[in-house]
Amino acid sequence: MGFLPFAVAVWLFVIGLWGVVSSRNLVRTVLCLTVVQSSTYLVLLGVGYRTGAMAPIVADIPSTSKLVDPIVQVLVLTDVVIEATITALLLALVVQAHKRFGSIDPEDLRPLRD
Amino acid sequence: MSHLSALPVLVPFLAGPLLVAVGFFAPRWFDDSLATLAALAVTTLCVLLAVHAAPHPYAYWMGGWRPQHGVAIGISLSIDVTGAGLAAFAGVLVTAALVYSLRYFDAIEGLFHGLMLLFMAGMVGFALTGDLFNLVVFFEVMSAAAFALTAYRIEERAPIQGALNFAITNSIAGYAMFIAVGLLYARTGALNMAQIGAALSSHHADPLVIVAMTLLFLGFLTKAAAVPLHFWLADAHAVAPVPVCVLFSGVMVELGVYAVARLYWVVFAGPLAPHAAAVRAIFVGLGVVTALLGAAMCFLQRHIKRLLAFSTISHVGMLLCGVALLSGQGLSGVAVYVVGHGLTKAALFMCAGVLLHRFATIDEYELHGRGREVPVVGGLMAVGALLLAGIPPFTTFMGKSLLEAASSALPGYGWLIAVYIVVSAMTGGAVLRVAGRVFLGWGPAEGPHPEQARAAQERVDEERGPRGHTPVLMVLVPALLLVGVLVLGLIPGAVPGTERYVHQFVAHGNYPAWVLHGARVALPHVAPSHISAEDYAYGAISAVGAVLAAGLGLFGRPLRESLPARLRRSGQNAVGVVRGLHNGHIGDYIAWWSAGVSLIGGICLIALH
């Protein structure tokens with residue numbers, strides 16, 4: 001494994017940002033945001049990964065077994081909950097934008113033009 | 001006492017969802033009183049924590065999971081006077097905003113109160129936590145509540161767009177910080193800030209630590225709206241309900257600066273000690289750009305809430321300079337200034353709320369002379385403007401004087417004083433100009449960009465347009481906040497006391513001792529800073545400058561028209577370019593965010609390696 005998950009994480013972060021920057025559709029923008037967030041899962045899980053180790057469920061395996069780091073897995077769970085919240089909130093806003101503006105293209109959402 | 005430590009976070013976390021759950025069928029008085037009582041209780045608890053931590057700071061370990069031999073498995077609330085004091089300050093502003101809301105909204109449901117309390121839970125937890133991962137999670141909690149509050153008037157167009165821009169920008173900042181937490185955990189095997197700091201203190205600044213530092217600092221500076229990560233702020237402030245703006249500008253944005261200071265002194269001061277000069281130069285530079293761009297944009301606005309929002313960006317730039325000086329005196333100035341500025345800005349937003357409530361518009365030119373109906377509010381706004389300009393000898397002046405003293409104490413940074421004066425004069429002058437035009441009818445009634453007047457129309461309630469009265473409570477709350485600014489800095493011992501607690505905050509080696517080993521760390525003895533005649537002179541220059549700037553804004557049209565045509569045109573072009581950048585397009589905002597993070601990250605990697 002080694003360097004690979006981190007390289008993929010950087011790629012996901014950058015390509016997700018590019019998606020948000022170039023998006024002409026707000027649903028796509030929100031999905032690109034989840035791509036950015038996927039990079040955080042990879043970094044956290046990559047940090048705790050050990051080759052040949054088992055899932056950190058210690059109830060039914062010998063205590064001497066080699067385990068991956070459970071802390072980062074807990075962090076990822078929290079991260080997933082946050083993603084679910086933010087994505088749901090954003091998609092609700094997009095639905096509302098479609099009702100009020102009749103469009104979900106960021107180009108058309110310009111009441112704040114200054 | 002020690003179990004009380006968790007209550008300031010728990011109370012709003014329990015009361016908030018309860019209010020959302022019962023909000024649809026509970027009567028309004030129930031929502032109002034439960035929310036206000038909860039906010040008041042949390043504020044009191046935070047004050048108690050600050051008093052308890054005054055002799056020596058302490059850590060509270062959730063579930064009794066204390067550290068063993070300096071290794072923390074559990075999650076701590078690491079409570080010192082600075083953190084608890086900031087939490088109490090957030091509590092005061094939430095309480096004030098809720099009391100103001102009693103009469104501001106005609107119709108409101110428990111959802112609003114519930115979200116306000118969740119927002120409060122996030123802010124209080126953010127100020128008290130000792131765990132890096134929890135810091136980022138509390139950041140997300142307060143963000144999620146803030147996004148929803150921004151879009152509270154969901155039936156209108158502008159709030160939807162403002163909330164989308166706010167949510168997308170701040171979420172990306174949050175994800176960058178999750179990556180940084182992962183990197184620091186990989187390097188140190190710890191999540192408690194004290195333990196990370198202890199592990200890194202003998203470590204050199206390798207690229208991994210620098211990348212983690214950049215992502216964390218720029219993540220929090222996105223919340224604090226440093227240029228070019230700031231674009232969301234004006235959009236969100238322009239559309240959020242006024243009581244929410246009070247919290248955004250009064251304390252949420254400043255919490256971003258607090259997190260940078262906390263992380264620098266606890267986590268990164270060890271490895272970055274040999275590079276302090278470079279760190280100082282980079283972040284002072286960022287602060288100066290933020291301060292000046294914010295001040296210029298502030299003066300150019302005619303939408304009063306946007307004007308106040310850009311003033312916040314400008315003042316955050318000043319605060320960032322103060323933190324970046326990396327001295328106890330500079331951070332003391334920041335602490336005093338946060339209180340003075342937060343209360344002043346909260347009061348100014350509440351004054352703007354009175355205009356919105358009464359006239360259903362917030363456009364400076366549309367309101368020309370109409371404010372004569374509520375002269376008291378005009379008086380409050382003028383006082384607020386002068387306090388924003390740092391008129392001696394009140395709280396904002398005290399904070400600014402400490403910043404000035406800290407800047408001139410460092411060789412090569414004395415010129416920052418000029419930046420502070422320009423910022424104070426321009427932002428104070430812009431607000432004074434608004435007060436003159438709206439409440440006295442001074443200056444022309446037609447301004448540039450008349451199409452912007454439409455964007456400034458906003459109804460407080462769905463069914464109600466303009467109305468003929470202003471509730472007394474809506475004037476009383478901002479008046480009390482301004483009295484706070486006038487009085488707090490003059491209380492004997494308040495400013496020197498702040499300085500001592502801030503010097504405790506910046507003692508890098510002490511933090512792990514009291515968090516991980518339960519050591520009783522005594523308060524350091526610090527000679528109180530002396531306010532010199534020069535500081536009074538700078539304060540007077542800022543205040544006079546604000547009056548002159550306001551005069552120029554009101555009566556300066558003949559002067560501007562007497563300029564040579566070519567100069568005038570190039571000036572207008574420059575203004576057009578800067579305004580055009582703030583175009584409300586989320587893709588452009590994120591492009592600026594990415595460019596800013598890459599540029600500053602690149603500079604940090606080169607300069608600090």
Inset, instruction - Mind running side-chain contact (heavy atoms from CB on, under 4.5 Å) on His585(B) and Glu107(A) for me, showing each step along the way? - result: CA-CA 7 Å; His585(B) 190 290; Glu107(A) 292 285 336; 3.3 Å; yes
Legend entry - Derivation of the side-chain contact (heavy atoms from CB on, under 4.5 Å) call for Ile86(A) and Glu140(B): CA-CA 9 Å; Ile86(A) 301 287; Glu140(B) 295 282 358; 4.2 Å; yes
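Contact annotation for Tyr41(A): neither backbone nor side-chain heavy atoms come within less than 4.5 Å of a heavy atom of chain B. For chain A, no part of Leu581(B) is nearby; none of its heavy atoms comes within less than 4.5 Å. Interface residue Leu26(A): only side-chain heavy atoms are found under 4.5 Å from chain B. Both the backbone and the side chain of Leu90(A) come within contact range of chain B, with heavy atoms under 4.5 Å apart. Residue Thr40(A) touches chain B through both its backbone and its side chain, counting heavy-atom pairs closer than 4.5 Å. In this structure, chain B has heavy atoms under 4.5 Å from both the backbone and the side chain of Leu75(A). Of the atoms belonging to Phe133(B), it is side-chain heavy atoms, and not backbone ones, that fall under 4.5 Å from chain A. With a threshold of 4.5 angstrom between heavy atoms, Ala176(B) approaches chain A through its backbone and through its side chain. Both the backbone and the side chain of Leu93(A) come within contact range of chain B, judged by heavy atoms closer than 4.5 Å. Heavy atoms closer than 4.5 Å to chain B are found in the side chain of Thr29(A), but not in its backbone.
Closest of all the heavy-atom pairs between Gly182(B) and Leu44(A) is CA-CD2, 3.6 Å. Pro106(A) approaches Ile586(B) most closely through the heavy-atom pair CB-CG2, 4.2 Å. For Ile179(B) against Ser39(A), the heavy-atom pair with the smallest separation is CD1-OG, 3.6 Å.
Here the CG-CZ distance, from Asp79(A) to Phe178(B), works out to 4.5 Å after rounding to the nearest 0.5 Å.
Residue with the most contacts toward chain A among Leu300(B), Ile160(B), Leu183(B), Ile172(B): Ile160(B) (heavy-atom pairs, distance under 4.5 Å). Ranking Ile168(B), Val137(B), Val181(B) against chain A, the residue ahead of the rest is Ile168(B), based on heavy-atom pairs under 4.5 Å.
Tyr185(B) and Asp69(A) are linked by a side-chain donor-acceptor pair at a separation below 3.5 angstrom, with hydrogens and angles left out of the test.
Between the side chain of Arg157(B) and the backbone N or O of Arg100(A), at least one donor-acceptor pair lies under 3.5 Å.
Tyr175(B) pairs with exactly one of Leu33(A), Val43(A), Thr34(A) by the side chain to side chain contact (heavy atoms under 4.5 Å, CB included) rule, that one being Leu33(A).
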